Number of protein chains: 2
Amino acid sequence: MRGDSRRSNGRGSGQTIRMRDVARRADVSPMTVSRVLRDPGKVSEETRNRVLETIREIGYVPNKLAGSLASSQSNVIGLVVPSIRNSLFADTIQGTADVLRAAGFQLMVADSGQSLDDEEALVSAFVAQRVSGIILHNTRHTDGTRELVRRAGIPVVETGDLAPEPLDMTVSYSNYAAARDMTLSLARRGYRRIGFVSLHTKENDRARERRRGYVAAMKSLGRAPDPALMTQVASGLAAGAQALVHLVQSARGLDVIFFAGDVLAIGALLECQRRGWPVPSRIAIASFDDLDLLQHTVPTVTSLRLPRREIGRYSAEVLLDRIRGSSTRNVSLDLGFEIIEREST
Amino acid sequence: MRGDSRRSNGRGSGQTIRMRDVARRADVSPMTVSRVLRDPGKVSEETRNRVLETIREIGYVPNKLAGSLASSQSNVIGLVVPSIRNSLFADTIQGTADVLRAAGFQLMVADSGQSLDDEEALVSAFVAQRVSGIILHNTRHTDGTRELVRRAGIPVVETGDLAPEPLDMTVSYSNYAAARDMTLSLARRGYRRIGFVSLHTKENDRARERRRGYVAAMKSLGRAPDPALMTQVASGLAAGAQALVHLVQSARGLDVIFFAGDVLAIGALLECQRRGWPVPSRIAIASFDDLDLLQHTVPTVTSLRLPRREIGRYSAEVLLDRIRGSSTRNVSLDLGFEIIEREST
DNA sequence: CTGTTAGCGCGTTCAC
DNA sequence: GTGAACGCGCTAACAG
């Protein structure tokens, strides 16, 4: 293979063009070509133009692999999310991608499927790729993960929740505070028996924090947390519908349910439509995530507006600041949230 | 910096561990360490275990940058989507990510924002990173993009639609056929005046193909395409609602509308609920994309089930086949679609 | 402003 | 089964 990476399929140019090919053709040294690409100001205009022209002519595309190896810095950021498919992360990823792209950075995305061990494997792969920063949508990690990023000295941003033991930097909102405040807000609006539905708290830290917030709110209201008012379900529209029916039928006097996960509230609302249960008169509904949909449904749904896009943007920005060395350390941003009251409560 | 990449922030181990550090400690040559990592069978069990143990002890993480440079092959695949945020792509990305991860490959994701020039820039960045394969959710490209991938000789999969002029491989369904068949299906069910709403066909190839399919179906039914029945809108729930109202009020005799884009049908359905227009008796609704939601709404919505996940999976698989050299050339998969008839029509 | 030298960390090749 | 030499393509440091 050496010196001949010709493809066997008959496609491609046959030869990868190297910097020295450009240099030879433009009658300069490879170093000058390198400078034209990364520090054009240090090359005379005439030479620069000649080199640029040559690059265009022969279609040279620099090898970043070699560049990164030589300079010990890549322009790649690694991102681990629990689930790419979950549209809730899509906004955040988009925010990150936008900032990174403007800065000329690439984004490497991976999916941990909620498994901390898989997360460790992915972080290891990122370290192996020598990414210059890592974003984790998760605040709990294996010891191995912690050790990996510590030793690698790579800047890390955690998000998804405020991190109790930050690896490095944090950009998020507080799931605890959000659930607590929504619960208090419902109480303030006069609801007496407030039901709470979350995703399974066993595997999901965010779900656990939200439940903690709900419980704290109930206590501060002088209401002992009633197990009959609380339930956990899997993700999905159908699960939301089931949880609704379950709680409405089993918890007497229930007047509102706070759905603290994904699309649960929508599933519940649709179930109400199906059964002809008027919302909010028969049962009121509040949601955690302010999906677009919730302001278009009939009735519109009360929810928490979370700064998804901003989390993505800021995560990228603090990472870039750190990489560029212009950074304050120990960044820990709480981007907050907002309660949006609508017709469903 | 050379030889001393110590961080100034006091974090990190201070020194990156290299293969030769492992070798020294395990009392073997670097070559043996390399073999243990990539071809363990060629090393005696005793040596192998000693090396493995040493790697664990000192927490060595191989430098893939150097490895890829030396071997001229990376384990990274580049993916360009029009919009990360669009949940329709999320399923496909997940499918790709799943397959790639099982094969030990990394995914680099970028967002072209529907701009062909931006796509070219991203492809160029991918080539610069020496990715070993590229997936494009798009079938139209600049000449520059075509030239880039041709010269680089990188395997490419196009998707999003059947490619009229494939760069290389294609994995998709036919937007044209899907829209045509849905239109014919509506006619077969007895609908006489079939309205059609798409996204703007000017910037969106898929929207154009879908409209072409609708028009072809109408012609084959002996019905001249009536401009009064067709409209184009931006993406979003509100746009779907507006399109609905516009068509219902302006096209007399309209009995069904086929919404050929994103969440338009949902926006329209919700608008019907808001206005108290019964679906399908006052106006029937059909959707293009079979979002989960559509089988939970009241009424449930007729739509096209597209093989999103499969597209992602197969795209990754044909790419991997090609990279591993075990491939048939000119792969062109049409994964088809399915019409799901529900209550809304 | 431009060139020279010396690696970056690893894989390939070939010898032992 | 194991090791030495060389180079992947580029950039840092220094010299001129």
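Please read all numbers here as calculations on a predicted model, not as lab measurements.
- To the nearest angstrom, C1' of dT11(D) lies 15 Å from CG of Asn75(A).
- For Ser71(A) and dC10(D), the shortest distance from a side-chain N or O to OP1 or OP2 is not below 4.0 Å.
- Applying the side-chain contact (heavy atoms from CB on, under 4.5 Å) test to Ala97(A) and every residue at least two apart in sequence or in another chain returns Leu107(A), Ile84(B).
- Residues from residues 53-65 of chain B lying near DNA chain D, meaning a heavy-atom separation below 4.0 Å, are absent.
- For Asp21(B), the salt bridge (charged side-chain N to carboxylate O under 4.0 Å, His left out) criterion is met by Arg18(B), Arg24(B), not counting sequence neighbours.
- For Arg85(B), the salt bridge (charged side-chain N to carboxylate O under 4.0 Å, His left out) criterion is met by Asp91(A), not counting sequence neighbours.
- Per the geometry, CE belonging to Met19(B) stands 14 Å off P belonging to dC8(C), to the nearest Å.
- The closest donor-acceptor contact from the side chain of Ser112(B) to the backbone of Glu119(B) lies at 3.5 Å or more, if one exists at all.
- Remark: Arg48(B) pairs with no residue by the salt bridge (charged side-chain N to carboxylate O under 4.0 Å, His left out) rule, at least two apart or across chains.
- Applying a 4.0 Å cut-off to non-hydrogen atoms, the residues of residues 20-42 of chain A that approach DNA chain C are Val28(A), Ser29(A), Met31(A), Thr32(A), Arg35(A), Lys42(A), listed by residue number.
- Judged as a salt bridge (Lys or Arg N to Asp or Glu O under 4.0 Å), the pairs with a partner in residues 28-42 of chain B (not counting sequence neighbours) are, in order, Asp39(B)-Lys42(B).
- Among residue pairs with one or both ends in residues 99-130 of chain B, none qualify as ring pair (Phe, Tyr, Trp, His ring centres under 6.0 Å); sequence neighbours excluded.
- When rounded to the nearest whole Å, the span between CZ of Arg50(A) and C1' of dC1(C) equals 13 Å.
- The distance between atom CD of Gln73(B) and atom C1' of dG11(C), rounded to the nearest whole Å, is 10 Å.
- Here salt bridge (Lys or Arg N to Asp or Glu O under 4.0 Å) pairs that include residues 55-70 of chain B, with residues two or more places apart or in two chains, are Arg25(B)-Glu57(B), Glu53(B)-Arg56(B).
- Over its full length, the helix from dC1(C)-dG16(D) to dC16(C)-dG1(D) turns its helical axis through 30°, comparing axes from the five pairs at each end and rounding to 10°.
- Within the 3.5 Å criterion, the main-chain N or O of Ala125(A) finds no donor-acceptor partner in the side chain of Gln106(B).
- Using a 4.0 Å heavy-atom criterion, one finds that Ser68(B) contacts no nucleic acid atom at all.
- Sorted by first then second residue, the salt bridge (Lys or Arg N to Asp or Glu O under 4.0 Å) pairs that include residues 98-117 of chain B, not counting sequence neighbours, are Asp118(A)-Arg101(B), Asp98(B)-Arg309(B).
- Under 4.0 angstrom from either OP1 or OP2 of dT2(D) there lies at least one side-chain N or O belonging to Ser44(B).
- By the salt bridge (charged side-chain N to carboxylate O under 4.0 Å, His left out) test, Arg140(B) is found to be paired with Asp205(B), residues two or more places apart in sequence or in another chain being considered.
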